[in-house]
Each structure stands twice: as structure tokens, then as C-alpha cells.
A.B. asks: 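One structure coming up, written as C-alpha cells, with questions to follow.
The figures that follow rest on heavy atoms only: side chains count, while hydrogens, waters and symmetry mates do not. Predicted, not measured: the structure shown is a model, and the values here were computed from it. Just so we're on the same page: letters track the sequence lines, and every chain starts at 1.
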2 protein chains.
Amino acid sequence: MSIVKPSTLPGFMELLPKEQILFNQMRDIIRKNFERAGFLPIDTPVIEKSEVLLAKGGGETEKQIYRFTKGDTDMSLRFDLTVPLARYTVEHFSELSFPFKRYAIGKVYRGEKAQKGRFREFYQCDIDTIGNGELSIANDAEFPVVIYHTFKDLGFSDFTIHLNNRRILKGFFAWLGVSDSQNALRAVDKIEKIGPENVLKELEESGIDREKGKKILEFIEIKGTNDEIIQALKDLNIDEETFNQGLDEMSELISCIKAYNIDEKNYRIDLKIARGLDYYTGTVYETTLDDYPKIGSVCSGGRYDNLASYYTEKTLPGVGISIGLSRLFYQLEQAKIISAEDKSLIDIIILPMDGFIHEGIKLLAKLREKNVKVTIYSEDAKLGKKFKYADQIKVPYAIVLGENEVKNGLYSLRNMATGEQEEVDFNKLVEKFSK
Amino acid sequence: MSIVKPSTLPGFMELLPKEQILFNQMRDIIRKNFERAGFLPIDTPVIEKSEVLLAKGGGETEKQIYRFTKGDTDMSLRFDLTVPLARYTVEHFSELSFPFKRYAIGKVYRGEKAQKGRFREFYQCDIDTIGNGELSIANDAEFPVVIYHTFKDLGFSDFTIHLNNRRILKGFFAWLGVSDSQNALRAVDKIEKIGPENVLKELEESGIDREKGKKILEFIEIKGTNDEIIQALKDLNIDEETFNQGLDEMSELISCIKAYNIDEKNYRIDLKIARGLDYYTGTVYETTLDDYPKIGSVCSGGRYDNLASYYTEKTLPGVGISIGLSRLFYQLEQAKIISAEDKSLIDIIILPMDGFIHEGIKLLAKLREKNVKVTIYSEDAKLGKKFKYADQIKVPYAIVLGENEVKNGLYSLRNMATGEQEEVDFNKLVEKFSK
């Protein structure tokens, strides 16, 4: 028989089991936080009709899409979880309750140029709240709170959730007499990457003179506590409708987040944040790990006026965030912030001497009954090989089971990391390991 | 703007949130049982190189495959979790420990003819144990035990795990002088569907005369307890190598399952079970719900001699089972065995009176701190609309929050199902709902 070399496609992440355990733990933490905040699960198909998925059409995204036909049907793999959410919300509109708070955790597909840390198949973890016609700003406050608890539970304490409102920027630009606010937003958004001087240049190139450019830079660099920034913005006495709407929304956002009583050191108004995507209209979020600025934003999102204009004439405003879990996992592992070295789902492995497999199973069954996480090595092999296996699968403890152990009901519990042994009976095992 | 009608492709399951909650609960139960039995998670890409995925080639399956090219690359969506397991095991061979016990829960794709209860995208939940060269029969015993605990945890008590060993059937056929054992196996496997007379006919059509056919029928109908059947098989005194190997394996299998101490009413040797798939070589499993025979097998699998002959010259024997979760969920829901009617992940919703949203959030934050599952309705609306929302999302309890409640710290807790109200303070809420 001819042998085919087994390999995955380039750009597709695949983990070893110990890494997968760690990945799944992170995914579970995210899911738990989404659920406790009242978001409901949905799970849309990976494949959609191209006509539906690409209703918006055009753009960079379309080139990256996995699109194909089967029979006469033109279909595509989803490239994010937002377009499927729009389709889902309209398709099931009459069966949903609004505000519709949904979470989705799943794989999405983009045929991007293969490069380190960029994946063509990756997990996104999204929450969004969709209103029917209207949606109060109090909803916007839930997202920083979910981000806060999620990243706390993921083991981080030093992170910053950057908050801004596009209306504040757009209103300020309008007040300055800048006509093309999209280009200005895009230039401002790059300041952390390219520095103020280059932002000024970009602004000039899009027809904003140096003096206005400097005013913009001064504006976006306003610093202080959240309350101080809001006061500073009020003190500017800018009489511009969009600006004032944005400022009111931001004040209400901060008031609501305060009511949630999360640590104020972890969230901050940051007028530099604009978000590249054109469809955000109000609040925007970015989250950075304070000690790892190079990783960039680990969780972003914002408010949009209309989720599903391609599928319905109803107005469905929404607000949401997304965590790109595959990329985040990769970056955290590369930066050695997380490590899969010691990951095991099991606490004890039973290594039966030859002929003692049935006795081994009996002990295992009794321990599992007591919620001890235990497995067994069932092959005939030398004891050394059995211990090697225990070591490889990173199980913390091993018990060798033979005639003496069965007769006396006493077991040598070996700590696989230190090699220390401890004589224990069944009750001691249960006491020590029962979860 | 032109409106595209939003819809999914035919044959793709999509659930409402309350159904998705139920689906996820089932998936979580399965995963928990896989993990506690020591199986390690892997998560392979949905897309694989066609060359790799279709190395085996040919057959019904290939027609059903979602296969396409992007750039110069010929790729396909996985149609099961077994071929990716084979590829994974060989590709990562040097980094795995054997026996390699892995679980995988994920979506697979088959472009089957659309029909009720058949899905083109569906979840499979698989566990397999892969040996390097050898793999003891004790491993085969783990699978009925996992099936047992999983279906118990899913809420079933009356189910039967049918056990057989292909070697027993093949050996018996050989002993009878039947040369084409594959056809005989296939005919025997159909007995529940087509009845004994039709099996006899099929056997005759494949060249097995009526007298031998009757002996085969008599053989596969041997009944009794597991021990009685093993004794009956021994009493046949069949001197045929494959038969005796199969019988030894079955005796050891039953001994090991007994050591696990699960209820013997839930597992039974059933000589009629052969499994359609050609690659099973020893132990085979099927699981039926006693009260719903029409649903067919809800969990099947077996032992195979060689997992990955297309990718390696190493011999990798394995044994595994699979639960087709999407189909199972659909069938259970159709048969009204499960119901998503009252599914909520949240216990309480706070309905703030207009102007009391910040106070509502404060109460919510204090309750969440105590692990109470609580959400809030943040829109300005009449109280009736707020209650309607609470009713729609199936949250069991609601609290209206206004001036009195904030002042007195006493809340009317409304049972949404009965309409009953109870006056409670914060501590009472925590006591009642803290998980």
C-alpha cells in the first residue's frame, strides 16, 4: 500500500493534548463568564450560502473567503461570527426576545497570507446585545465588565480596557471643520504604532492642515482619571451635537461601569482608540495587557447602529466584543505567559502488576465512584515502562498495584514530580483527591 | 439597499437559544465523562488536504465530501473524526504516549441527501484508545463503562449496550465452511430490521445454503446472561482459532467490565451485532434505548487492527466509540424525550423602574459577587413589557427595583411560573440562589 505523508494545511493550528487542555480551560473560562452575564448560546453553521454571507460584498475580506460550490449551490465558510449573527437574528426574529444577548464560540475561516501567529482557522469568542429599534447605553457597560471578569479569571491582573466613543471624535472633527472624519479616525487609530509625527503627516495627506492636526493630537492625548477626562471634555465647551451626544453616552457608560463596582484601574477612557472597522458608531473597546503591549488588543469591539441592514429593513442596533482565542493562546504561549507543561486532567494512574488488571480496575471504579480523577495502565509491560508512561502523560500521582496492596488495602502513592512515596489507604486517597 | 433573504443551507441544524442550552448541557455531560475516564482532548482542523483525508479513497463517502480548491490547494472538510485521528496520531507520533487515549468533539460534514433527521453538518463525540503495536482487551472494557456513565448522566436508565466480537462470528462462519464471511456479517447485522426470514434469503443469495443459514440464525439467537452465553459458546466445542480467540477476548472483556462494577442489566452479549463498517476486527458495540428501539443505536464503535495504514507502516491497533450528538439530540427532541421549554442559564432578572438602572446594576453586581446567576433589563419600557421579556427568556424569578426597594433593602421576588411573590432581603436572595 502506498503511504501518504500525513500533514495539516499551512496556517491551521493544531495542538498537542496538554496544550489542548490549557486551550480548553481558557475557552471554558470565557464561556462561563459569557453565561453568567446572561448571554445565551447560539451555534450557527460553519457553511452558509455565499449570497447570504457575502451580501455586504467587496472588500479585503471577500478575497480571503473559502468559497466553493457543491452541486449547484454556491457556499462559503464563515469568516466571522457577526455576519452569521445578523442572519440568525433576522431569520429567527419572531422567536427571539430583545434585547437579544447572545454568545457564540466557534471556528471561523480566513485564507490570509500565512504568517507566524496568523491562522486560517481560528476560534472567535463573541458576545453581542442586539436591540429592536433601540438599545440603551447601560448595555454598553456590560462588555467591559465581562472583559474584566474574564481576564481576571484567566489569571491577569494588569490589563487595561480602553474606552472611547466614536461620536466624541467625529463631533470634535466636525467642530474643527474637518470634513473627512473617516480618514482622520483611521490616522488617529494608528498613533500607538506610528507615533504622533507620522499621524500628523497622514492627517496632512488627507487634507487636514498641520494646525488642526496638532489640535487633534492635543485632544486625543487628554489624560487623567475617567472623571477628569469627562470633565476636561465638558470644559472644552464644544457646541456640536454629535460631540455632545458622544460625551453624554460616555458619561452614562462610566456611571454604569462604576455601578458594577469593578476595579477602576482596569478601565480607562482613551480618546486615541478609534477601531479600524467602519461600522462602529458609538462606544468602542480595546483591551491591552499592561506588561505585553506588543501583543496588541486582546479583546475589542463596540457599538453599531444597525446589525443587519442587508437582511431586513428593521433597525437592529447592537454592541459587542470579540476575543480571538486562537491568536491570543498562541501569543500567550509564545511569550511564555502561559505554559502547557504540567497539564493533566487526571490525578492518579494505577499501574497494575501483571495479572492484577482486574484488581486495578476494581480500585479505579471505587475511586471514581468517589469523584477521584483516576486512570489505569492496562498493557503488559515492565514496571519501568509503566512509570515512563505515567511521567509522559504528566499525571501527578501513581499507585503500583500488586498482591501486597490488594491483601493489605495499603497503597504506595508516588508523587511523580518529586519521587516521594507515601503509604495510604483507600479513605486517605478519597480524602486527598475527591473533588 | 437590496435585501437578501437570510436563510441557512438545507440540512444544516440551527437551534434556538433555549434548545442550544439543552444541546450544550448534553455535550458537556459527554465531555465530562470522556475526561474523567482519562481521555485527552484534541481538536483537529475542519479542513484537511484532500490527498490526506481521502488517502483511503473510493466508496460512498467520497461522493458526499465537501471538496474544493483554494489557490492551488485541493482541500476537503472532514467527514468523520477517525481519519483526522489517524493523521494526527502519525503526524505527532513521537510526541504522544501510547496507549494514546483521546477524545474529540466537533463538527463533521457529509453532503448526504437531505432528509428528516439527517444533517450535513453534525457533531460527533468520539473516544478512541490507540496502541503502539499492541493493545490489551482491558482497553475495550473502558468504552461500555463510559457509555454507561454518560447515558446515566444524560438521564437514561433503560438502555442496553450490546457487545459482540467479530472474531466469534467470523470464526463460526469459517467453522461452518462459509467462505465469504463479509457478506454473512452484513446479512446478520440486518436481522433487527428485516427479520430472520429475509436474513436467510440474503444468506442464500450470497451462496450460503438454507441449512447453514439456519445454523447461523440459531447461533446468533443464543440468549442468556453474559456468563450463560459465554458458557454456551464454550459448550459448542468449536475448534477454530479465530472463534476461540474471539471467545477469549469476549470472556476477558466481560471480566473487566464486571470489575468496573456497572449494572449488568445495561450491557449484554448480543451475537447479532456485527456493525456495517468493514474495518472493525474484534469487539463491537451498539447502544439502544430500551423504550425507543426505532431510534436505533445511539452510540456505536469497536476494535480495529490498524488505524493508520495509509499514513504509516507502524501497526496502530485501536478501539473506540462515537456518539452522533446532532442526530441524537434531534431524535430525542422529536420523540419528546427531552424538552427545551424551560431552559435558562439565569435564575433572576432585575427589572429596574425608570431612573433606577444604576441601582439595579449595583444590586446585580452584589448578587453576582455571591455567585447568584442574575441579569438585568436595561431598556426604558413599561413594566408590562419588562415582565413579558422576563417571561420570554424563561428566567424563573424577577425583581422589580424602585425607590422603596432601594430604601428598605427589601425585594419582591416574583416566581415567573406561578406569579407568587415573596418579600426577601439581600441575604435571603444569596441563601436561596447562590451556587
A.B. asks: Relative to chain A, which of B:Thr375, B:Ile361, B:Ile393, B:Asn371 shows the most heavy atom pairs under 4.5 Å?
C.D. replies: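 Highest number of heavy-atom pairs under 4.5 Å: B:Ile361.
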A.B. asks: Which value, rounded to the nearest 0.5 Å, describes the distance between B:Phe12 atom CZ and A:Met75 atom CE?
C.D. replies: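 The distance works out to 6.0 Å.
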A.B. asks: For the interface with chain A, which of B:Asp380, B:Thr44, B:Thr69, B:Val395 has the highest count of heavy-atom pairs at distances below 4.5 Å?
C.D. replies: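 Between B:Asp380, B:Thr44, B:Thr69, B:Val395, the count favours B:Thr44.
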A.B. asks: Checking B:Phe122 against chain A: side chain, backbone, both or neither under 4.5 Å from a heavy atom?
C.D. replies: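 For B:Phe122, no heavy atom lies under 4.5 Å from chain A.
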A.B. asks: I'd like to know if the side chain of A:Tyr260 reaches the main chain of B:Leu364, judged simply by a donor and an acceptor atom lying under 3.5 Å from each other, with no hydrogens or angles considered.
C.D. replies: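 No; judged by distance alone, with no hydrogens or angles, the pair does not exist.
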A.B. asks: Measure the CD1-CZ distance between B:Ile346 and A:Arg36 for me, rounded to the nearest 0.5 Å.
C.D. replies: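 Here the interatomic distance stands at 9.5 Å.
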A.B. asks: A:Pro17 versus B:Phe100: any side-chain heavy-atom pair under 4.5 Å?
C.D. replies: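 Side-chain contact under 4.5 Å: yes.
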A.B. asks: Would you mind telling me which of A:Ser97, A:Ala365, A:Ala138 has the largest number of heavy-atom pairs within less than 4.5 Å of chain B?
C.D. replies: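 Among A:Ser97, A:Ala365, A:Ala138, the one with the most close pairs to chain B is A:Ser97.
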A.B. asks: Examine whether an atom of B:Ala86 lies under 4.5 Å from a heavy atom of chain A, and if so say whether it belongs to the side chain, the backbone or both; otherwise answer neither.
C.D. replies: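 Interface part for B:Ala86: neither.
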A.B. asks: Can you confirm whether A:Leu40 sits close enough to B:Ile21 that some side-chain heavy atom of one is under 4.5 Å from a side-chain heavy atom of the other?
C.D. replies: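 With C-beta onward as the side chain, the pair touches.
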A.B. asks: Could you tell me which portion of B:Leu15 (side chain, backbone, both or neither) has an atom closer than 4.5 angstrom to a non-hydrogen atom of chain A?
C.D. replies: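 Contact with chain A: backbone only.
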A.B. asks: Can you name the nearest heavy-atom pair linking B:Ile3 to A:Ser309, along with the distance?
C.D. replies: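 Scanning both residues completely, I find the closest heavy atoms to be CD1-O, 3.5 Å.
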A.B. asks: Output the option from B:Cys256, B:Gly38, B:Pro84, B:Gly360 having the highest count of non-hydrogen pairs under 4.5 Å with chain A.
C.D. replies: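 Among B:Cys256, B:Gly38, B:Pro84, B:Gly360, the one with the most close pairs to chain A is B:Cys256.
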A.B. asks: For B:Ile349, which atoms come within 4.5 Å of any heavy atom of chain A: side chain, backbone, both, or neither?
C.D. replies: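 B:Ile349 has no heavy atom closer than 4.5 Å to chain A.
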A.B. asks: Give a yes or no answer on whether the side chain of B:Glu121 reaches the backbone of A:Val46 with a donor-acceptor pair at less than 3.5 Å.
C.D. replies: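 Present.
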A.B. asks: Taking side chain as everything from C-beta outward and backbone as N, CA, C, O, which of these in B:Ile47 sits under 4.5 Å from a heavy atom of chain A? Side chain, backbone, both or neither.
C.D. replies: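 Contact with chain A is through both the backbone and side chain of B:Ile47.
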A.B. asks: Check for a donor-acceptor pair, side chain of A:Glu379 on one end and backbone N or O of B:Ser136 on the other, with a separation under 3.5 Å.
C.D. replies: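 Yes; at least one donor-acceptor contact below 3.5 Å.
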A.B. asks: Given that the side chain runs from C-beta out, which part of B:Ile65 has a heavy atom under 4.5 Å from chain A: side chain, backbone, both or neither?
C.D. replies: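 Just the backbone, heavy atoms under 4.5 Å.
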A.B. asks: Suppose we screen for salt bridge (Lys or Arg N to Asp or Glu O under 4.0 Å). Which residues come up paired with B:Arg87, at least two apart in sequence or across chains?
C.D. replies: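 Testing B:Arg87 for salt bridge (Lys or Arg N to Asp or Glu O under 4.0 Å), a comparison that skips the adjacent residues, returns A:Glu14, B:Glu48, B:Glu91.
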A.B. asks: Between B:Phe98 and chain A, which part of the residue has a heavy atom less than 4.5 Å away: side chain, backbone, both or neither?
C.D. replies: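 Backbone only.
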A.B. asks: Where does A:Lys49 contact chain B at under 4.5 Å (heavy atoms): side chain, backbone, both or neither?
C.D. replies: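 Both parts, heavy atoms under 4.5 Å.
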A.B. asks: So which of A:Lys258, A:Arg368, A:Gln392, A:Glu35 has the largest heavy-atom pair count under 4.5 angstrom toward chain B?
C.D. replies: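 The option with the most such pairs is A:Arg368.
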A.B. asks: With only heavy atoms counted, which part of B:Lys107 is less than 4.5 Å from chain A, the side chain, the backbone, both or neither?
C.D. replies: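 Looking at B:Lys107, just its side chain touches chain A.
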A.B. asks: Looking only at heavy atoms and a cut-off of under 4.5 Å, which of A:His92, A:Arg120, A:Lys373 has the most pairs with chain B?
C.D. replies: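 Looking at each of A:His92, A:Arg120, A:Lys373 in turn, A:His92 comes out on top.
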A.B. asks: Could you pull out all residues at least two apart from B:Glu359 that satisfy salt bridge (Lys or Arg N to Asp or Glu O under 4.0 Å)?
C.D. replies: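 With neighbours one apart ignored, the set is B:Lys362.
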A.B. asks: Side-chain contact, heavy-atom cut-off 4.5 Å: B:Pro99 with A:Tyr377?
C.D. replies: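 In contact.
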A.B. asks: Which bit of B:Phe93 comes within less than 4.5 Å of chain A, counting heavy atoms only: side chain, backbone, both or neither?
C.D. replies: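 It is neither, since no heavy atom gets under 4.5 Å.
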A.B. asks: Given heavy-atom pairs under 4.5 angstrom as the criterion, report whether the side chain, backbone, both or neither of B:Glu142 touches chain A.
C.D. replies: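 Just the side chain, heavy atoms under 4.5 Å.
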A.B. asks: Counting heavy-atom pairs under 4.5 Å to chain B, which of A:Tyr109, A:Phe39, A:Tyr311, A:Phe23 comes out on top?
C.D. replies: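 Greatest number of close heavy-atom pairs with chain B: A:Tyr311.
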A.B. asks: For A:Tyr103, is it the side chain, the backbone, both or neither that has a heavy atom under 4.5 Å from a heavy atom of chain B?
C.D. replies: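 For A:Tyr103, the side chain is the part near chain B, not the backbone.
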A.B. asks: Give me the atom names and distance for the closest heavy-atom approach of B:Leu9 to A:Thr73.
C.D. replies: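 Here B:Leu9 and A:Thr73 meet closest at CD2-CG2, 3.4 Å.
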A.B. asks: Heavy-atom cut-off 4.5 Å, strictly under: side chain, backbone, both or neither for B:Ser378 against chain A?
C.D. replies: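 Contact with chain A is through both the backbone and side chain of B:Ser378.
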A.B. asks: Identify which part of B:Leu16 has an atom lying under 4.5 Å from any heavy atom of chain A, answering side chain, backbone, both or neither.
C.D. replies: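 Contact with chain A: backbone and side chain both.
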A.B. asks: Name the option with the most non-hydrogen atom pairs under 4.5 Å to chain A; the candidates are B:Ile357, B:Val90, B:Asn139, B:Ile137.
C.D. replies: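 If we count pairs closer than 4.5 Å to chain A, B:Asn139 comes out on top.
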A.B. asks: At a 4.5 Å cut-off on heavy atoms, which part of B:Thr312 comes close to chain A: side chain, backbone, both, or neither?
C.D. replies: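 For B:Thr312, the backbone is the part near chain A, not the side chain.
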A.B. asks: Quick one: which of B:Gln20, B:Arg102, B:Lys388, B:Glu134 has the most heavy-atom pairs under 4.5 Å with chain A, could you say?
C.D. replies: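 Heavy-atom pair counts peak at B:Gln20.
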A.B. asks: Taking side chain as everything from C-beta outward and backbone as N, CA, C, O, which of these in A:Leu135 sits under 4.5 Å from a heavy atom of chain B? Side chain, backbone, both or neither.
C.D. replies: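 A:Leu135 touches chain B through backbone and side-chain heavy atoms alike.
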A.B. asks: Who among B:Val145, B:Thr8, B:Thr129 has the most heavy-atom pairs with chain A under 4.5 Å?
C.D. replies: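 Winner by heavy-atom pair count: B:Thr8.
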A.B. asks: Which label fits B:Phe68 and A:Tyr66: parallel for a plane angle under 30°, tilted from 30 to 60°, or perpendicular past 60°?
C.D. replies: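 Perpendicular: the ring planes of B:Phe68 and A:Tyr66 meet at over 60°.
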A.B. asks: Atom NZ of A:Lys18 and atom CD of B:Glu95: how far apart are they, to the nearest 0.5 Å?
C.D. replies: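 Between atom NZ of A:Lys18 and atom CD of B:Glu95 there are 8.0 Å.
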A.B. asks: Which bit of B:Asp28 comes within less than 4.5 Å of chain A, counting heavy atoms only: side chain, backbone, both or neither?
C.D. replies: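 Side chain only.
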A.B. asks: So, taking the atom named CD1 in A:Ile42 and the one named CG in B:Asn24, what distance separates them when rounded to the nearest 0.5 Å?
C.D. replies: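 Those atoms lie 11.5 Å apart.
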A.B. asks: Look up atom CZ in B:Phe34 and atom CG in A:Leu345, then write down how far apart they are to the nearest 0.5 Å.
C.D. replies: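 B:Phe34 atom CZ to A:Leu345 atom CG measures 13.5 Å (nearest 0.5 Å).
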A.B. asks: Measure the spacing between CD of A:Glu252 and NE2 of B:His358 and express it to the nearest 0.5 Å.
C.D. replies: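 Between atom CD of A:Glu252 and atom NE2 of B:His358 there are 3.5 Å.
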A.B. asks: For the NZ atom on B:Lys70, are there more than 12 heavy atoms of other groups (residues, nucleotides or ligands in this structure) within a distance under 6.0 Å?
C.D. replies: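 Buried by this count: over 12 neighbours within 6.0 Å.
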